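These notes concern the structure reproduced below.
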Amino acid sequence: MSAPLLTVRGVTKTFGALRALGPVDVDLMPGERLGLIGPNGSGKTTLINCITGLFFPEEGTITFNGEDITRLPAYLRARKGISRTFQIPRPFTGMSVLENLLVPLDYLGTRAKKARDRADEVLIQVGLDARRDNAVETLSQLELRKLELARVLVADPKVLIADEAMAGLSEAEIDDILALLFKLNEAGVAIIMIEHIMHAVMRFSQRMICLETGNMVACGTPKEVAEDPKVQKVYFGEQTHR
């Protein structure tokens, strides 16, 4: 069996007197589809921020490809292959769809011709090639979600963290984003999905983790996690649904 691509061990994060996370242990295998669920305030975003380098944990270690990245800045983690989307898309306004992809490529030091070729390749991949030269202000909500994914994909990540990438979408649009994420995963990208749309994350994930008050309460297959009494208590209270 291959070694984990990403390993989180004993990670904690506090804000003043509040312990927002941990200690938490998580493994992500190469090419795995991992779902991360939990109610608001459960620690999901805090965990992701620790993995991506927006926060540094007080305790514990984070390793990626066998390298300790616990204190590595966020931009270096992105260059090593850890990328994320955000819950609310924030494109560079006043720019075209193509230009929005050229910005991160320029930051990565990609030469102009190669950057344009890579941007065009990703726009085809996410289905935005027809909107290449349009201003981002003209995009629909679905197209903005695809643009958010495209801006991550131009860096050719090994790990993609999709943070509520389907929020506010219709069922047909959710299917569209899921199909895209499945396609990316089939190409070898390991994906962590943070999502409140339960049927979507259960359909996508090979394995799921549930957090509550900063601690892991369940880990297993989607069916095992959904049927876990602790998870049902987290979502439904003392009276579990049968």
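Quantities reported herein were computed from a predicted structural model and do not represent experimental measurements. Here, residue 1 is the first one in the sequence, and each next residue gets the next number.
- Here Thr221 pairs with Glu224 under the side chain to side chain donor-acceptor pair (under 3.5 Å) rule; sequence neighbours left out.
- Residue pairs that meet the side chain to side chain donor-acceptor pair (under 3.5 Å) test with at least one member in residues 167-176, sequence neighbours left out, are Lys146-Asp176, Ser170-Glu173, Glu171-His199, Asp175-Arg203.
- By the salt bridge (charged side-chain N to carboxylate O under 4.0 Å, His left out) test, Glu164 is found to be paired with no residue, residues two or more places apart in sequence or in another chain being considered.
- Rounding to the nearest 0.5 Å gives a distance of 5.0 Å between CG of Leu144 and CG of Leu139.
- Scanning for side chain to side chain donor-acceptor pair (under 3.5 Å) contacts around Lys183 gives an empty result, with sequence neighbours left out.
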Less than 3.5 Å apart, which donor and acceptor atoms pair up between the side chains of residues 81-94 and the rest of the protein, not counting sequence neighbours?
residue : atom : partner : partner atom : Å
Arg84   : NH1  : Asn49   : OD1          : 2.6
Arg84   : NH2  : Asp163  : OD2          : 3.1
Thr85   : OG1  : Asp163  : N            : 3.1

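- The salt bridge (charged side-chain N to carboxylate O under 4.0 Å, His left out) check on Lys114 picks up nothing, with sequence neighbours excluded.
- Rounding to the nearest 0.5 angstrom, the gap separating the OG1 atom in Thr14 from the CD atom in Glu58 is 3.5 Å.
- To the nearest 0.5 Å, atoms CD (Glu195) and CD1 (Ile177) are separated by 10.5 Å.
- Sequence neighbours left out, the pairs with a member in residues 4-42 that pass ring-ring contact (aromatic ring centres under 6.0 Å, His included) are Phe15-Phe55.
- Applying the salt bridge (charged side-chain N to carboxylate O under 4.0 Å, His left out) criterion to Asp129, with sequence neighbours excluded, gives no partner residue.
- Not counting sequence neighbours, the partners of Glu67 by the side chain to side chain donor-acceptor pair (under 3.5 Å) test are Lys80.
- Remark: side-chain polar atoms of Gln232 are not paired, donor with acceptor, to backbone N or O of Pro229 under 3.5 angstrom.
- When atom types are taken as modelled, the side chain of Glu99 and the backbone of Ser96 share a donor-acceptor pair closer than 3.5 angstrom.
- Of the possible polar contacts, one joining the Arg131 side chain to the Thr138 backbone as a donor-acceptor pair under 3.5 Å is found.
- At a threshold of 4.0 Å, the pair Arg9-Asp27 counts as salt-bridged, since one of the basic side-chain nitrogens sits closer than that to a carboxylate oxygen.
- Remark: Phe182 engages Phe204 in a ring-ring contact (aromatic ring centres under 6.0 Å, His included) (not counting sequence neighbours).
- Proximity of a side-chain donor or acceptor of Thr52 to a complementary backbone N or O of Ile48 within less than 3.5 Å is detected.
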Dump the intermediate steps for side chain to side chain contact (heavy atoms under 4.5 Å, CB included) on Ile37 and Tyr235, then the final yes or no. CA-CA 10 Å; Ile37 65 169; Tyr235 278 98; 3.5 Å; yes
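- Considering only heavy atoms from C-beta on, Asp228 stays 4.5 Å or farther from Lys233 through its side chain.
- Partners of Arg77 by salt bridge (charged side-chain N to carboxylate O under 4.0 Å, His left out), not counting sequence neighbours: none found.
- Side-chain N or O atoms of Lys13 include none that pairs as donor or acceptor with a backbone N or O of Arg19 at under 3.5 Å.
- Residues Gly43 and Leu21 approach most closely at O-CD1, 3.8 Å, considering heavy atoms.
- In this structure, Arg151 CZ and Leu102 CG are separated by 12.0 Å, a value rounded to the nearest 0.5 Å.
- In this structure Gln206 satisfies the side chain to side chain donor-acceptor pair (under 3.5 Å) test with no other residue, sequence neighbours excluded.
- Although no hydrogens or angles enter the test, the distance criterion places no donor-acceptor pair under 3.5 Å between the side chain of Asp133 and the main chain of Val97.
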